Amino acid sequence: MTQTPWWHPSRHADRRPLLLARNRIQAAIRGWLAAEGFVEVDPAALQVSPGNEAHLHAFRTTAIGNDGVGMDRYMHTSPEFAMKRLLAAGETRIHSFGHVWRNRERGPLHSPEFTMLEWYRTGEPYERLMQDIAAWVQLAAEGPLRFRDRTCDPAAPYERVSVAEAFAAHAGIDLLATLAADGAPDADALAAQMDRAGIARGPGESWSDLFSRVLSEKVEPRLGMGRLTVLDRYPAAEAALARRCPDDPRVAERFEVYACGVELANGFGELTDPVEQRARFEDEMAIKARVYGETYPIDEDFLAALALMPPAAGCALGFDRLVMLATGAPSVEAVMWVPAG
């Protein structure tokens, strides 16, 4: 049976309260950020590189110059590279409400085009970002957060657990035992633990593949039940753009926030070493080439700016997901004024 289109008056009447709630939540968070001294910025979406994570897929287009020559350009998957250049330029507290694009993603929790709230604080520890999110969740919610049959109390103090603690509690796996002293991962060690725990795996999967399988199947569905969960101290092999923890080089200052089993945000104590960041990008693109047969360019301008960037903490929050949870909507597209085509 064909679903009534979102623009039909009868369906819009049902959607409109959710959309007005979206506006209320966005205005409340914008007001909070302004009171904290944040400057709102508006980075361009068209970029030389969309980012260099192996499993993120960008939209590619061709920019034609005045000379008629075409150049590959990408719709950004995050405003991160642009915003960090602004930190290098001298900004200290910035945020952006902007559209981002991710290919190969569509479902109740995903849209190929969605709104990301990204913000940065210079000279502050990454734990401060966790407090920001907790405050915004309380601003957004007029009752419990809801997704399907799960609920989360926005006023309850959040729990903070390391990835290693979560793997032990929910999957029976000693994750740190699969990492060398320098953080190098051992796929065989993780595979053996998964076999003992009765967790299915595919042949020839890398440590990162196995890690993602356990995280998505055993850990994430149990997070954010009753209260927010901050999943902290990711393995260094999954650090992305986060710096390593000073007390344990096996793990990094990376965290994610969950409510009702849904990931809301991904934050870092930011890496500012361009040499290490380049090496990570190259490793990620090698994986992308092997798995998907393509790569994205490395943004040399970003790496040059990284050397000037001050110590900072930054985070990206899926704004549509926050609205969905705050209103109890069934999907992110139910709270978008105009869903992607």
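From a predicted model like this one, the values you see are computed outputs, not experimental measurements.
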Does E159 reach the side chain of L228, with side-chain heavy atoms less than 4.5 Å apart? no

Write down the atom of V335, the atom of D320, and the distance for their closest heavy-atom approach. CG2-O, 3.5 Å

Thinking salt bridges, do R106 and E113 make one under a 4.0 Å N-O criterion? no

Which residues share a salt bridge (Lys or Arg N to Asp or Glu O under 4.0 Å) with R16, sequence neighbours left out: none

So which pairs with a foot in residues 184-198 pass side-chain hydrogen bond (donor to acceptor under 3.5 Å, both in side chains), sequence neighbours left out? D195-R201

For residues 28-41, the salt bridge (charged side-chain N to carboxylate O under 4.0 Å, His left out) pairs (sequence neighbours left out) are R30-E40, E36-R93, E36-R121, E36-R128

E217 vs R222, salt bridge (Lys or Arg N to Asp or Glu O under 4.0 Å): CA-CA, chis, key distance, verdict: CA-CA 9 Å; E217 293 180 7; R222 294 173 171 83; over 6 Å; no

Sorted by first residue and then second, give each ring-ring contact (aromatic ring centres under 6.0 Å, His included) pair with at least one member in residues 150-170; sequence neighbours left out. F167-F211

So, the side chain of T229 versus the backbone of G224: is there a donor-acceptor pair under 3.5 Å, distance only? yes

What's the shortest heavy-atom distance between L18 and A329, and which atoms? CD1-CB, 4.0 Å

Begin from the C-alpha positions of W32 and L139 and carry the test side-chain contact (heavy atoms from CB on, under 4.5 Å) through to its verdict. CA-CA 9 Å; W32 188 98; L139 282 177; 3.9 Å; yes

Are the side chain of R15 and the backbone N or O of M336 linked by a donor-acceptor pair below 3.5 Å? yes

Could you give all pairs that pass the salt bridge (charged side-chain N to carboxylate O under 4.0 Å, His left out) test and reach residues 65-79, with sequence neighbours left out? R60-D72

Taken to the nearest 0.5 Å, the spacing of L190 CG from L175 CG works out to 6.5 Å

Side chains of W101 and T77 only: does a donor on one sit below 3.5 Å from an acceptor on the other? no

Taken to the nearest 0.5 Å, the spacing of H8 NE2 from D14 CG works out to 11.5 Å

Test: R160 and E127 ion pair at under 4.0 Å: yes

Considering only residues two or more places apart or on different chains, which pairs with a residue in residues 280-293 satisfy salt bridge (charged side-chain N to carboxylate O under 4.0 Å, His left out)? E276-R280

After noting the C-alpha distance and the side-chain angles of V41 and L86, does the key distance pass the side-chain contact (heavy atoms from CB on, under 4.5 Å) rule? CA-CA 9 Å; V41 301; L86 287 171; 3.9 Å; yes

Could you tell me the separation between the CG atom of D273 and the CE atom of M309, rounded to the nearest 0.5 Å? 12.0 Å

By side-chain contact (heavy atoms from CB on, under 4.5 Å), which residues pair with A313, not counting sequence neighbours? Y126, L129

What are the two closest non-hydrogen atoms of C152 and R227, and how far apart are they? SG-C, 3.3 Å

A171 and K218 have their tightest heavy-atom pair at CB-CB, 4.0 Å

Please confirm whether the backbone N or O of S162 pairs with a side-chain atom of E165, one donor and one acceptor, at under 3.5 Å? yes

Backbone N or O of D182 within a donor-acceptor pair of the R244 side chain at under 3.5 Å? yes

Distance-minimising heavy-atom pair for F114 and S111: CD2-O, 3.4 Å

Are the side chain of R321 and the backbone of E263 linked by a donor-acceptor contact shorter than 3.5 Å? yes

Pair listing, ring-ring contact (aromatic ring centres under 6.0 Å, His included) test, anchored in residues 264-310, at least two apart: H55-Y292, H57-Y292, Y74-Y296, F81-F281, F81-F302

Can you list everything that forms a salt bridge (Lys or Arg N to Asp or Glu O under 4.0 Å) with D209? Sequence neighbours excluded, please. none

Without swapping roles, check the side chain of T122 against the backbone of T92 for a donor-acceptor pair under 3.5 Å. yes

Centroid-centroid under 6.0 Å between W119 and W136 rings: yes

The complete set of salt bridge (charged side-chain N to carboxylate O under 4.0 Å, His left out) pairs with one or both residues in residues 3-12, sequence neighbours excluded, reads none

For the side chain of E220 and the backbone of V262, is there at least one donor-acceptor N/O pair under 3.5 Å apart? no

Between L109 and S331, is the side-chain contact (heavy atoms from CB on, under 4.5 Å) condition met? List the steps. CA-CA 6 Å; L109 298 177; S331 70; over 6 Å; no

Nearest-0.5 Å distance that lies between atom OG1 in T178 and atom CD1 in I173: 8.5 Å

Hydrophobic cluster identity match, V137 and V332, side-chain contacts under 4.5 Å: yes

Nearest 0.5 Å please: distance from the OH atom of Y258 over to the CG atom of L325. 13.0 Å

Going by the rule salt bridge (Lys or Arg N to Asp or Glu O under 4.0 Å), which residues pair with D153 if we only count those two or more places apart in sequence or in a different chain? none

Working for salt bridge (Lys or Arg N to Asp or Glu O under 4.0 Å), residues E142 and R24: CA-CA 11 Å; E142 296 184 330; R24 174 189 64 79; 3.5 Å; yes

Would you list the pairs meeting ring-ring contact (aromatic ring centres under 6.0 Å, His included) in which at least one residue belongs to residues 310-329, sequence neighbours left out? F97-F319

Should R254 and E256 count as an ion pair when the cut-off is N to O under 4.0 Å? yes

Compute whether any side-chain donor of one residue and acceptor of the other, for R22 and T115, lie under 3.5 angstrom apart. yes

Which atom names give the shortest non-hydrogen contact between A242 and A252, and what distance separates them? CB-CB, 4.3 Å

